[in-house]
Q: 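The structure under discussion is supplied below as structure tokens; questions concerning it will follow.
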Amino acid sequence: MLKTGVLYRYKDFLPITPQTPLFSLGEGDTPLVKCDQLAQEIGCGELYLKLEGCNPTGSFKDRGMVVAVAKALEEKSQAIMCASTGNTSASAAAYAAYCNLTAMIVVPEGKIALGKLAQAIVYGAEILTIEGNFDQALQIVRELTDKHPVTLVNSLNPHRIEGQKTASFEIIDILGDAPDYLFIPVGNAGNITAYWKGFKEYYELGKASKRPEMMGFQAEGAAPIVHGHPIEKPETVATAIRIGNPASWQQASAARDESGGLIDMVSDAEILAAQKLLATRAGVFGEPASAASLAGLVKLSRQGWDLAKKTIVCVITGTGLKDTDTALKDAPPFLQLPANVKEIEKALGWG
Ligand code: AN7
């Protein structure tokens, strides 16, 4: 059996017992890409992108899902359930399929990217769309999983956080130390919670000399932590983080305060500009929500933060291929020509 994946690689750091089944769809061990061109443009020392879109279902959710599903199997659960803005449901559906479990997913109608819905459909999940947003969907699945023998696999499930913290381990394992700053999008706030837990654990084990300042970014129309109150009708082009009342609000605030970091917001225009910058300067196609991290870095640099000597990691949480509709919305037209060399030379100005 191949011994790769989050469960095998970080077994000693996870809540694994002799009864926990170990398996992998190939999650974790994602690239940490150094991007000098972007670093120069933004004016920071060293800039690395953690490409979580390279996970098997195209987002960071797989790290936590593999642990949550392994524990569900250990507890003899037959079905898992989640609310989702899309990526959690895609991941839950895939791991359920691999493990012969039923995946039941509840998503906000019309507000999840088509690629994510396609994944859930193709992996064979039971899909319910509700006339409501993510926060309402989460409330519903909390009630349902309280009442019925179905395992909740949203990040309220602590095993999700345990799995997701392994991304911090990988960053330190590769860089040899923690970065000065970690920039990360914030939606339901599980991931910033998980990264902070991972950084603290490695620091306490002496594997890093410091802990990064945690720099979380919400979308302007869905920024409850920034405003200090829930947002009843969150709106943003970054549908993955269209969340008005994050489940891990307290933990995210603690990560911010303990690390000396911040949680701020970026506009949809800043998110889309960062998505484009990421693609055209680094060759990385991230989905809009995932570009909120880079948008945050650009924002602080423009505000005059001196980042010249800093090592920075931006977490690119999901692949842009899930949401091509948004990416192509304002794309310029391209040349359409006959299959003829002369015509093409003329169009290119070569003839
Ligand atoms: C690409 O899939 O909440 O702050 O239901 O898909 O841990 O919620 C997704 C969230 C960032 C925010 N980037 O992470 C869901 C869901 C991407 C995401 C986030 C999400 P959290």
Side-chain angles (χ1 to χ4, degrees), residues 30 50-55 57-65 68 81-94 103 105-108 111-113 115-117 119-120 125 133-138 141 152-157 160-161 163-165 167 182-197 214-219 222-225 234 236-249 251-253 255-256 263 266 271 274-275 278 284-296 314-323 326:
T30 57
K50 181 71 169 156
L51 302 190
E52 290 293 282
C54 294
N55 278 297
T57 75
S59 87
F60 68 92
K61 305 286 182 180
D62 297 336
R63 293 179 183 277
M65 199 58 68
M81 189 170 207
C82 65
S84 183
T85 57
N87 278 325
T88 300
S89 57
S91 185
I105 69 168
V106 183
V107 296
K111 294 290 184 182
I112 91 167
K116 301 173 188 178
L117 189 60
Q119 287 179 294
N133 60 31
F134 169 83
D135 304 290
Q136 294 165 299
L138 184 60
V141 300
L152 178 71
V153 294
N154 280 103
S155 56
L156 288 158
N157 179 329
R160 280 277 313 278
I161 304 293
Q164 284 171 214
K165 77 184 178 188
L182 185 95
F183 282 75
I184 185 169
V186 175
N188 210 27
N191 212 26
I192 190 171
T193 300
Y195 269 82
W196 182 236
K197 187 166 197 284
M214 301 296 286
M215 315 297 274
F217 284 85
Q218 303 195 291
I225 302 177
T236 168
V237 68
T239 52
I241 52 173
R242 185 175 169 269
I243 295 173
N245 192 10
S248 299
W249 189 322
Q251 296 91 322
S253 304
R256 173 195 63 201
I263 295 179
V266 281
I271 288 172
Q275 183 188 30
L278 190 59
V284 171
F285 186 15
E287 68 166 286
S290 71
S293 57
L294 184 64
C314 280
V315 185
I316 308 301
T317 44
T319 173
L321 291 173
K322 288 171 179 271
D323 188 4
T326 302

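Both ligands and their constituent atoms are indexed starting at 1 by order of listing.
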Q: Supply the atom-to-atom distance N154 CG to M81 CE, rounded to the nearest 0.5 angstrom.
A: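 Atom-to-atom, N154:CG and M81:CE are 10.0 Å apart.
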
Q: How many angstroms lie between atom CD1 of I316 and atom OG1 of T30, to the nearest 0.5 angstrom?
A: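 Output value for this atom pair is 11.0 Å.
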
Q: Can you list everything that forms a salt bridge (Lys or Arg N to Asp or Glu O under 4.0 Å) with K165? Sequence neighbours excluded, please.
A: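 Checked K165 against salt bridge (Lys or Arg N to Asp or Glu O under 4.0 Å); matches are E162, E201.
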
Q: Would you mind reporting whether K197 and Q251 have side-chain heavy atoms less than 4.5 Å apart?
A: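 SC-SC contact between Q251 and K197 ruled out.
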
Q: Please identify which atoms of ligand 1 are closer than 4.0 Å to at least one heavy atom of S84.
A: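 Once the distances to S84 are compared, the set is 2 (O), 5 (O), 15 (C).
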
Q: Near G190, which atoms of ligand 1 are under 4.0 Å from a heavy atom of that residue?
A: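 Selected atoms, number and element: 4 (O), 7 (O), 21 (P).
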
Q: Could you check atom 7 (O) of ligand 1 against the protein and tell me its nearest heavy-atom contact, residue, atom and distance included?
A: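 Of the protein heavy atoms, N191 N, 2.8 Å lies nearest.
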
Q: Hey, are the side chains of V107 and K116 touching, using non-hydrogen atoms and a 4.5 Å cut-off?
A: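 The answer is no, as the side chains (C-beta and beyond) never meet within the 4.5 Å cut-off.
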
Q: Starting from atom 14 (O) of ligand 1, what is the nearest protein heavy atom, named by residue and atom, and what distance separates them?
A: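 Ranked first by proximity to atom 14 (O) of ligand 1 is F60 CZ, 3.4 Å.
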
Q: Heavy-atom distance under 4.5 Å between the side chains of F60 and V315, does that happen here?
A: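 They are not in contact (no side-chain heavy atoms under 4.5 Å apart), so the answer is no.
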
Q: For ligand 1 and K116, I'd like to know whether there is a polar contact (N/O to N/O, distance under 3.5 Å).
A: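 No, K116 has no N/O under 3.5 Å of an N/O on ligand 1.
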
Q: Would you indicate whether the side-chain heavy atoms of Q218 and I241 approach each other to under 4.5 Å?
A: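 Side-chain contact under 4.5 Å: no.
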
Q: Starting from atom 6 (O) of ligand 1, what is the nearest protein heavy atom, named by residue and atom, and what distance separates them?
A: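 I find the closest protein heavy atom is N87 ND2, 2.7 Å.
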
Q: Could you tell me which atoms of ligand 1, counted from 1 in the order shown, lie closer than 4.0 angstrom to a heavy atom of V186?
A: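 This gives 4 (O) as the contact atoms.
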
Q: Of all the non-hydrogen atoms in the protein, which one sits nearest to atom 18 (C) of ligand 1, and at what distance?
A: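 Ranking protein heavy atoms by distance from atom 18 (C) of ligand 1, first comes A240 CB, 3.5 Å.
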
Q: Counting only heavy atoms, tell me which of R160, E287, K61, K322 gets closest to atom 10 (C) of ligand 1.
A: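 Ranked by closest heavy atom to atom 10 (C) of ligand 1, first place is K61.
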
Q: Give me the residue, atom name and distance of the protein heavy atom closest to atom 19 (C) of ligand 1.
A: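 Sorting protein heavy atoms by distance from atom 19 (C) of ligand 1 puts I241 CG2, 3.6 Å first.
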
Q: Does a side-chain heavy-atom distance below 4.5 Å link I105 with S84?
A: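 Result no, sub-4.5 Å side-chain heavy-atom pair not found.
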
Q: For ligand 1 and G187, I'd like to know whether there is a polar contact (N/O to N/O, distance under 3.5 Å).
A: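 Min N/O separation from ligand 1 is below 3.5 Å for G187.
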
Q: Does even one non-hydrogen atom of I243 get within less than 4.0 Å of ligand 1?
A: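 Contact check I243 vs ligand 1: positive.
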
Q: I need the nearest protein heavy-atom contact for atom 13 (N) of ligand 1: residue, atom name and distance, please.
A: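 Sorting protein heavy atoms by distance from atom 13 (N) of ligand 1 puts T317 OG1, 2.6 Å first.
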
Q: Using a 4.5 Å cut-off on heavy atoms from C-beta on, say whether the side chain of I161 contacts that of S155.
A: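 S155 reaches I161 side chain to side chain.
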
Q: Enumerate the atoms of ligand 1 whose separation from the nearest heavy atom of T85 is less than 4.0 angstrom.
A: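 Atoms satisfying the 4.0 Å criterion: 2 (O), 3 (O), 5 (O), 9 (C), 15 (C), 16 (C).
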
Q: Do P234 and I243 come within less than 4.5 Å of each other through their side chains, counting heavy atoms only?
A: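 Side chain of P234 against side chain of I243, heavy atoms only: no contact under 4.5 Å found.
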
Q: Calculate, to the nearest 0.5 Å, the distance between atoms CZ and CD1 belonging to R256 and I225 respectively.
A: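 The CZ atom of R256 sits 7.5 Å away from the CD1 atom of I225.
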
Q: Any N or O on S290 sitting closer than 3.5 Å to an N or O of ligand 1?
A: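 S290 vs ligand 1: no N/O contact under 3.5 Å.
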
Q: Would you say A189 contacts ligand 1, with heavy atoms under 4.0 Å as the rule?
A: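 Right, A189 reaches ligand 1.
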
Q: Any heavy-atom pair between the side chains of F285 and Q275 that's under 4.5 Å?
A: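 Touching, per the 4.5 Å side-chain cut-off.
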
Q: Answer with yes or no whether G86 contacts ligand 1, where contact means a heavy atom under 4.0 Å from a ligand atom.
A: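 So G86 counts as touching ligand 1.
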
Q: Please state which option from T88, T319, V106, I316 has its nearest heavy atom closest to atom 2 (O) of ligand 1.
A: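 Among T88, T319, V106, I316, the closest heavy atom to atom 2 (O) of ligand 1 comes from T88.
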
Q: Got the closest protein heavy atom to atom 8 (O) of ligand 1, with its distance?
A: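 Minimum-distance protein heavy atom for atom 8 (O) of ligand 1 reads N188 N, 2.7 Å.
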
